[in-house]
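Following: one structure in structure tokens, then a few remarks.
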Amino acid sequence: MRGQKIVVLTAYDTPMAEFVDQAGVDEVLVGDSLGMAVLGYSSTRFVTMDEMMHHVKAVRRGVKRALLVADMPYRSYRTPAIAYRNATRFVKEGGCEAVKLEGGREILPVIRFLRKKRIPVQGHLGLLPQSVLPGRPFRLQAKDLHSARRLIEDASFLEKEGAFSVVLESIPREVARIVTKRLRIPTIGIGAGPDCDGQVLVVNDLLGLFTKFKPRFVKSYALLAPKIERAVRNYRQDVLKGRFPSRRHAFQMNPETLRHLRRLLDND
């Protein structure tokens with residue numbers, strides 16, 4: 001271990017950003033996981049820049065101390081010029097300190113250009129959700145010799161081009177350990193074992209709010225989905241049976257004012 005572990009969580013709105021930030025996490029990521037966790041898409045591929053910007057601004061209003069990083073959505077960094085235009089929106093309009101990009105050697109020209117423009121970049125290797133076609137399962141990456149070696153090389157390339165850290169998603173623990181040992185920049189794991197310099201989770205997974213599927217690497221620290229459903233059912237029953245709103249939930253007019261009002265209405 002190279003010092004204190006780095007704690008990263010996603011957030012997509014102001015209240016959640018406030019909770020996460022006040023709890024002391026080091027980095028708040030506005031992930032394109034927004035698409036599946038919040039917007040109901042079947043893939044992160046469908047998230048647009050405008051949707052990301054809307055949520056980045058909301059999260060910025062809630063984050064006061066943690067590093068704020070935004071995911072560059074699918075096809076928003078297909079050329080260096082396009083990447084710079086979109087990353088600049090995140091930094092100038094959204095108030096982010098950095099952006100995150102998926103990919104290895106194939107995106108090095110983009111990272112190089114952004115770094116020249118003084119936009120900090122966080123890398124992302126292993127499982128790349130934007131590369132998975134809608135409806136296809138997410139699978140473990142870097143399982144064989146060739147793919148493991150390529151990922152290790154890509155991590156070094158990202159570091160050389162100036163990435164300040166790299167997320168490692170859904171790869172064997174042993175590969176993540178090798179990458180972490182070889183790099184000087186921090187590694188942030190998600191489904192990459194305990195040997196990375198830090199960990200990231202989607203906050204909806206952590207809280208048990210996303211129920212469509214649960215990756216093996218997710219640990220839910222609360223199960224809020226059934227509690228929310230139960231609360232809504234109780235509310236519905238109270239409304240149907242006249243238990244809500246009760247007298248204590250209603251506002252009362254001053255009796256003297258009420259008498260005058262009735263007198264006026266009677267004279268109309």
Side-chain angles (χ1 to χ4, degrees), residues 5-48 50-74 94 96 100 102 122 124 126-130 132 134-139 167-170 188-192 194 196 198-239:
K5 293 284 190 177
I6 301 166
V7 182
V8 184
L9 267 179
T10 66
Y12 313 107
D13 57 47
T14 303
M16 189 62 72
E18 291 175 343
F19 292 141
V20 168
D21 191 52
Q22 291 167 9
V25 304
D26 302 298
E27 175 185 322
V28 176
L29 172 67
V30 186
D32 60 0
S33 49
L34 162 75
M36 300 178 72
V38 177
L39 300 182
Y41 295 143
S42 61
S43 168
T44 63
R45 284 186 165 212
F46 300 124
V47 181
T48 67
D50 286 342
E51 288 169 335
M52 286 295 298
M53 281 299 306
H54 176 83
H55 288 269
V56 164
K57 290 177 180 179
V59 172
R60 175 74 277 174
R61 289 190 285 271
V63 172
K64 306 303 180 186
R65 47 161 300 282
L67 180 74
L68 181 59
V69 181
D71 254 336
M72 298 283 286
Y74 181 59
C96 289
K100 181 169 76 65
E102 295 183 7
Q122 184 171 60
H124 186 143
L127 174 63
L128 308 178
Q130 293 176 9
V132 179
R136 297 290 180 87
F138 292 162
R139 299 188 184 279
V167 172
L168 302 175
E169 181 170 359
S170 294
I188 308 298
I190 177 167
C196 295
Q199 298 292 328
V200 58
L201 278 179
V202 171
V203 72
N204 293 49
D205 290 335
L206 180 146
L207 296 176
L209 289 170
F210 186 76
T211 58
K212 290 183 179 179
F213 62 88
K214 182 178 179 180
R216 175 179 175 178
F217 56 78
V218 167
K219 179 177 179 179
S220 296
Y221 288 80
L223 296 174
L224 298 187
K227 293 182 179 180
I228 292 171
E229 182 177 351
R230 185 162 57 250
V232 173
R233 288 182 182 278
N234 290 339
Y235 161 71
R236 178 176 178 271
Q237 287 300 311
D238 279 359
V239 171

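Below, each value reflects all heavy atoms present in this structure, side chains not excepted, and no hydrogens, waters or symmetry copies. Keep in mind that this is a model prediction, so the values were computed, not measured.
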### Non-neighbouring partners of Ala192 that pass side chain to side chain contact (heavy atoms under 4.5 Å, CB included), sequence neighbours left out
Leu168, Ile171, Ala176, Cys196
### Query
What residues, two or more places apart in sequence or in another chain, satisfy side chain to side chain contact (heavy atoms under 4.5 Å, CB included) together with Arg236?
Leu240
[atom1] of [X] to [atom2] of [Y]: how many Å apart, nearest 0.5 Å?
X	Y	atom1	atom2	answer
Leu9	Asn204	CG	CG	10.5 Å
Thr48	His54	OG1	NE2	11.0 Å
Cys96	Lys57	SG	NZ	11.0 Å
His55	Asp50	NE2	CG	11.0 Å
Ile228	Leu223	CD1	CG	11.0 Å
Arg216	Ser170	CZ	OG	10.5 Å

### Task
Side-chain contact test, heavy atoms from C-beta onward, threshold under 4.5 Å: evaluate it for Ile190 versus Phe217 and give yes or no.
yes
### Message
Do Leu201 and Thr10 make a side-chain contact, defined as non-hydrogen atoms from C-beta onward lying under 4.5 Å apart?
### Response
no
Shortest non-hydrogen separation from [X] to [Y] and the atoms involved:
X	Y	answer
Pro134	Arg45	CD-CD, 4.1 Å
His124	Pro129	NE2-CD, 4.1 Å
Val56	Ala70	CG2-CB, 3.8 Å

### Test side-chain contact (heavy atoms from CB on, under 4.5 Å) applied to Val202 and Leu206, step by step
CA-CA 6 Å; Val202 171; Leu206 180 146; over 6 Å; no
### Residues, nucleotides or ligands: over 12 heavy atoms within 6.0 Å of Phe138 CZ
yes
### Task
Walk me through it: do Met52 and Val47 pass the test side-chain contact (heavy atoms from CB on, under 4.5 Å)?
CA-CA 7 Å; Met52 286 295 298; Val47 181; 3.5 Å; yes
[Y] backbone acceptor or donor facing [X] side chain under 3.5 Å:
X	Y	value
Ser220	Ala222	no
Lys5	Pro194	yes
Thr14	Ala58	yes

Distance-only check: which donor-acceptor pairs under 3.5 Å involve side-chain atoms of residues 16-42, not counting sequence neighbours?
from	atom 1	to	atom 2	distance (Å)
Asp21	OD1	Arg65	N	3.4
Asp21	OD1	Ala66	N	2.9
Asp21	OD2	Lys64	N	2.8
Asp21	OD2	Arg65	N	3.2
Asp26	OD2	Val7	N	2.8
Glu27	OE1	Gln122	NE2	3.1
Asp32	OD2	Gln130	NE2	2.6
Ser33	OG	Tyr12	OH	2.6
Tyr41	OH	Glu51	OE1	3.4
Tyr41	OH	Glu51	OE2	2.6

### Task
Apply side-chain contact (heavy atoms from CB on, under 4.5 Å) to the pair Tyr235 and Arg233, showing each step before the final yes or no.
CA-CA 5 Å; Tyr235 161 71; Arg233 288 182 182 278; over 6 Å; no
### Val132/Leu127 under side-chain contact (heavy atoms from CB on, under 4.5 Å): CA gap, chis, key distance, verdict
CA-CA 9 Å; Val132 179; Leu127 174 63; 3.9 Å; yes
